[in-house]
Amino acid sequence: MAEKVTPRSEDYSRWYTDIVLQAKLADYSPVKGAMVIRPNGYAIWELIQKNLDRMFKDTGHVNAYFPLLIPESFMAKEAEHVEGFSPECAVVTIGGGQKLEENLYIRPTSETIIWAMYKKWIMSYRDLPLLINQWANVIRWEMRTRLFLRTSEFLWQEGHTAHATYEEAEEETRKILNVYKTFAEEYLAIPVIPGKKSDSEKFAGALHTYSIEAMMQDRKALQAGTSHNLGQNFAKAFDVQFQDKDGKLNFVYATSWGVSTRLIGALIMAHSDDRGLVLPPKMAQRPVVIVPIFRADDEKKAVLEFADKIHQELKSRFNVIYDSREQYKPGFKFAEWELQGIPVRLEIGPKDVANNKVVLVRRDTMQKEFIERNGILDRVTKELDTMQKELLEKARNFRDQNTLIVDDYKKLREIMDGDGGFVMSHWCGSPECETKVKEDTKATIRNIPFAGDKEQGKCIVCGRDSVQRVIFAKAY
RNA sequence: CGGGGCGUAGCGCAGUCCGGUUAGCGCACCUGCCUUGGGAGCAGGGGGUCGGAGGUUCAAAUCCUCUCGCCCCGACCA
C-alpha cells in the first residue's frame, strides 16, 4: 500500500495499471493475456449485471446459457463470421486423452451455436420474437492485452434475438443501444455518443453495427457497447425459417448485442484521479466508509459509541464500511479508501462528538465539510445523489471541450498529433478515405452519430460531397 | 523472424565482471510495545531447491554448455 499511483500527467497508461492493481480490482494471472478479477473489481461487474439485467428483463428479454464449446463446422457456416473470428480463436483438439474427431472452438461469441439451436426452436411466427440474453465468458486470443480493456478471456452479456421482419430487428438493435446509453449515463456516469459503425469496423457477419462511444481522460475513444443488426445472414447460414400467417416460409431476422467487463476499464478511466479510483455512487457496492479517530481510552469509548450509532443508522440504507481497525492510523485509512474509490468518507473524532457533528469528505471533489449529526442519513443520501450527477456533468463537459468541428485535413492531423480528442468532420463514406486518415493519424471513425446534424459538406480527405459529420478519434 | 535485456523471499532489487564464512537490502507479512484529525516509530520474528539440467572445481547465485520462461524495440497483424 506504500506504493504510489503514477500521476496521469507522467504516464497515463501506467496510471491506469497502477489503479487497477493497487485498488485491488484485478491482478495478472499465470496465463498470459488473462486476468483475475478480484472482489473489488467483481463488485463493479455485479452492479453492471444487476442493473443491466433488470433493464433487459424490463424490455422483454430472458436469460439462458449456451455451451462454451462450439463445433468447428458451426463456426464455418457464415463466411464473413468465420473469416473475422478464426485468427483469434482458441481451439480444443484433444479430449479425454484422445484426438477429437471434430475440433471444438472455445466461443469468441455465440452466434453460431445459438442459431443452430434457434433452428430447432423457431417454427412459426408465433415463436417470434425470440429474445434471449446470456451472461458468459468468451475467449479471443489477443497479442497485446491490457487489464479489463483487452484480455483474452473476458466476461460479457450477449443478447441474441430473432424477429419476423427487418424493421422489427432494426427496432430491437436501436432499442438495446438506447438501453446501453441510459445505463452508461445513469449508472456509470459516462456520457456516450450513439451511432453507426463504418463498414470496416462492423461486426463480422452483420448487416450493420451500432455503438456507443465514450471519451476517456486521455481524450481517446472507448467503444462501450455494440448492437448489431444481423439481417438474415445467420438465419440463412443455419437455415432458420418460420411460417408466417399466410403459410409462407421466411428466413428470420436477427440481432445481437453486448457489453463486457471492458466497461470497468471505461469506468476507471472516466472518473479516477491521481489518488486512485473514483466510483460513481451507483457503481459502489459500499458507498460509505466511517473512520473513527481517537487517542486516549476515555476518548476512544466516547468516539466509538458515537460512531457506532451512526453506523447503525446508515446501515439501514447503505452498505457501510466501518473501519475501526486500531493498528492503522487515520491517515493510512484515508489513503486506502480513497485508493479504492469509496464515494463518501465520514470522519468521526473527539471534536465531532463534542460538537455533535461529523466530517464528510466526498471522493471526487475531496472537499471536507462538517455536517450535523442529526439527519445524517438523508444528508449522506443527498450527497451521493449529487456526486452521481456531478460526475456525469464533469465527464460531459470534458468531452464537449475536447470535441472539435474540423473541416481542414491539416488541422485534423495536427489535433491527432497533439492532444487528440473527438474530431467531427465530413466523410464521403469511402473506405479509401477512412484508411488514409488511419494511416496518417492512427485515428479511426468511431461512429456516425445518430444525433449528428444532417448538413451538406465536403469529405475532409477527398472533398467529395458528404451529408454528415462523423467522429474521428484514436481508440482503445 | 531480427536486435537488446531480465530470471535471487509475496513484490522491487543488490551480490555475478574477479568462485570462498551462515546469500543480503527495502517494502509487505507475524509478535509485542508505543501511537491515532492525512500513508507513524522501536524491538523481535517467519519466509530462499539463487528459473531448470549438465559440466569444471577442494568449493558455484558467481565460470562453461545446453535448456525453459518473461519483458522491451523493430518487423508482421489489426
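Quick note on labels: first sequence line is chain A, next is B, and so on, each numbered from 1. Just so it is clear, the values below take in all heavy atoms, side chains as well, and ignore hydrogens, waters and symmetry mates.
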Practice problem: Return yes if a side-chain donor-acceptor contact under 3.5 Å exists between A/Thr209 and A/His228, otherwise no. | Solution: yes

Self-check item: Of A/Gln327 and A/Phe294, the one whose closest RNA chain B nucleotide lies more 5'
Solution: A/Phe294

Self-check item: A/Asp297: partners by salt bridge (charged side-chain N to carboxylate O under 4.0 Å, His left out), with sequence neighbours left out
Solution: none

Quiz item: Rounded to whole angstroms, how far apart are CG on A/Asp323 and P on B/G38?
Solution: 15 Å

Quiz item: Considering Watson-Crick and G-U wobble pairs with both distances under 3.5 Å, what does B/U36 pair with?
Solution: none

Exercise. To the nearest Å, give me how far apart CD (A/Glu439) and P (B/C76) are.
Key: 12 Å

Practice problem: Identify the nucleotide, in any strand shown, that forms a Watson-Crick or G-U wobble pair with B/U65, with both distances under 3.5 Å; if there is none, say none. | Solution: B/A53

Quiz item: Does the base of B/G38 carry an N or O that pairs as donor and acceptor with the side chain of A/Arg345 under 3.5 Å?
Solution: yes

Self-check item: Base-pairing assignment for B/U16 (Watson-Crick or G-U wobble, both under 3.5 Å)
Solution: none

Practice problem: Check every strand shown and say whether A/Pro350 touches a base, only sugar-phosphate, or nothing at a heavy-atom separation below 4.0 Å. | Solution: base

Practice problem: May I ask you to say what A/Val291 touches in the nucleic acid, namely base, sugar-phosphate or nothing, with a heavy-atom cut-off under 4.0 Å? | Solution: nothing

Quiz item: Could A/Glu305 and A/Lys309 be called an ion pair, given the rule that one side-chain N must be under 4.0 Å from one carboxylate O?
Solution: no

Practice problem: Rounded to the nearest angstrom, tell me the gap between atom CD in A/Glu88 and atom P in B/C77. | Solution: 16 Å

Quiz item: Rounded to the nearest Å, what distance is computed from the CE atom of residue A/Met366 to the C1' atom of nucleotide B/G39?
Solution: 13 Å

Quiz item: Base, sugar-phosphate, or nothing for A/Lys333, non-hydrogen atoms under 4.0 angstrom?
Solution: nothing

Quiz item: Across the strands shown, which category fits A/Arg325 at heavy-atom distances under 4.0 angstrom: base, sugar-phosphate, nothing?
Solution: nothing

Quiz item: Without hydrogens or angle criteria, can the side chains of A/Tyr409 and A/Asp440 be said to hold a donor-acceptor pair below 3.5 Å?
Solution: yes

Quiz item: In terms of side-chain heavy atoms, does A/Glu80 have a donor or acceptor partner in A/Asn233 at a distance below 3.5 Å?
Solution: no

Quiz item: Rounded to the nearest Å, what distance is computed from the CD atom of residue A/Glu347 to the P atom of nucleotide B/G39?
Solution: 12 Å

Write down the protein N/O and nucleotide N/O pairs, taken from nucleotides 70-72 of chain B, whose separation is under 3.5 Å; answer none if there are no such pairs.
{"unit_1": "B/C71", "atom_1": "OP1", "unit_2": "A/Lys32", "atom_2": "NZ", "d": "3.4"}

Quiz item: Counting only Watson-Crick or G-U wobble pairs whose two distances fall under 3.5 Å, which nucleotide matches B/G48?
Solution: none

Quiz item: For the side chain of A/Glu338 and the base of B/G38, is some donor closer than 3.5 Å to an acceptor across the two?
Solution: yes

Quiz item: Does a sphere of radius 6.0 Å around CH2 in A/Trp141 hold more than 12 heavy atoms from other residues, nucleotides or ligands, not counting ones at 6.0 Å or beyond?
Solution: no

Exercise. Scan every strand shown for a Watson-Crick or G-U wobble partner of B/C11, both distances under 3.5 Å, and answer none if you come up empty.
Key: B/G26

Quiz item: Does any donor atom in the side chain of A/Arg446 or A/Thr444 lie under 3.5 Å from an acceptor atom in the other side chain?
Solution: yes

Quiz item: Where the side chain of A/Ile293 is concerned, which of B/U36, B/G39, B/C29 is the nearest nucleotide?
Solution: B/U36

Quiz prompt | Any A/Lys329 side-chain nitrogen or oxygen under 4.0 Å from OP1 or OP2 of B/G37 | solution = yes

Exercise. Side chain of A/Arg295 only, please: which of B/G39, B/U36, B/G37 is the nearest?
Key: B/U36

Quiz item: Of all the choices, B/G39, B/G37, B/U36, which nucleotide is nearest to the side chain of A/Glu326 once you look at every atom?
Solution: B/U36

Quiz item: Could you go step by step and tell me if A/Lys77 and A/Trp115 meet the side chain to side chain contact (heavy atoms under 4.5 Å, CB included) rule?
Solution: CA-CA 11 Å; A/Lys77 280 193 180 174; A/Trp115 281 90; over 6 Å; no

Quiz prompt | Atom-pair distance (CZ on A/Arg140; C1' on B/C77), nearest Å | solution = 17 Å

Quiz item: Of all of residues 415-423 of chain A, which get a heavy atom below 4.0 angstrom from RNA chain B, listed by number?
Solution: none

Self-check item: Inter-nucleotide P distance (B/G3, B/C66), Å rounded
Solution: 16 Å

Practice problem: Check the distance between B/G10's P and A/Asp27's CG and give it to me in whole angstrom. | Solution: 14 Å

Practice problem: To the nearest Å, give me how far apart CG (A/Leu21) and P (B/G12) are. | Solution: 11 Å

Quiz item: Can you tell me the Watson-Crick or wobble partner of B/C70, both distances under 3.5 angstrom?
Solution: B/G5

Quiz item: Can you find a side-chain donor-acceptor pair between A/Thr161 and A/Thr255 that sits under 3.5 Å?
Solution: yes

Practice problem: Indicate, yes or no, whether a donor-acceptor pair under 3.5 Å links the base of B/G38 to the side chain of A/Lys368. | Solution: yes

Quiz item: Is it true that the side chains of A/Gln223 and A/Ser211 contain a donor and an acceptor less than 3.5 Å apart?
Solution: no

Quiz item: Hey, is A/Glu369 close enough to A/Arg362 for a salt bridge, meaning N to O under 4.0 Å?
Solution: no

Quiz item: Can a donor-acceptor pair be found between the side chains of A/Tyr322 and A/Gln312 at a distance below 3.5 Å?
Solution: no

Quiz item: Of the candidate nucleotides B/U36, B/A40, B/C29, which contains the atom at the shortest distance from the side chain of A/Phe332?
Solution: B/A40

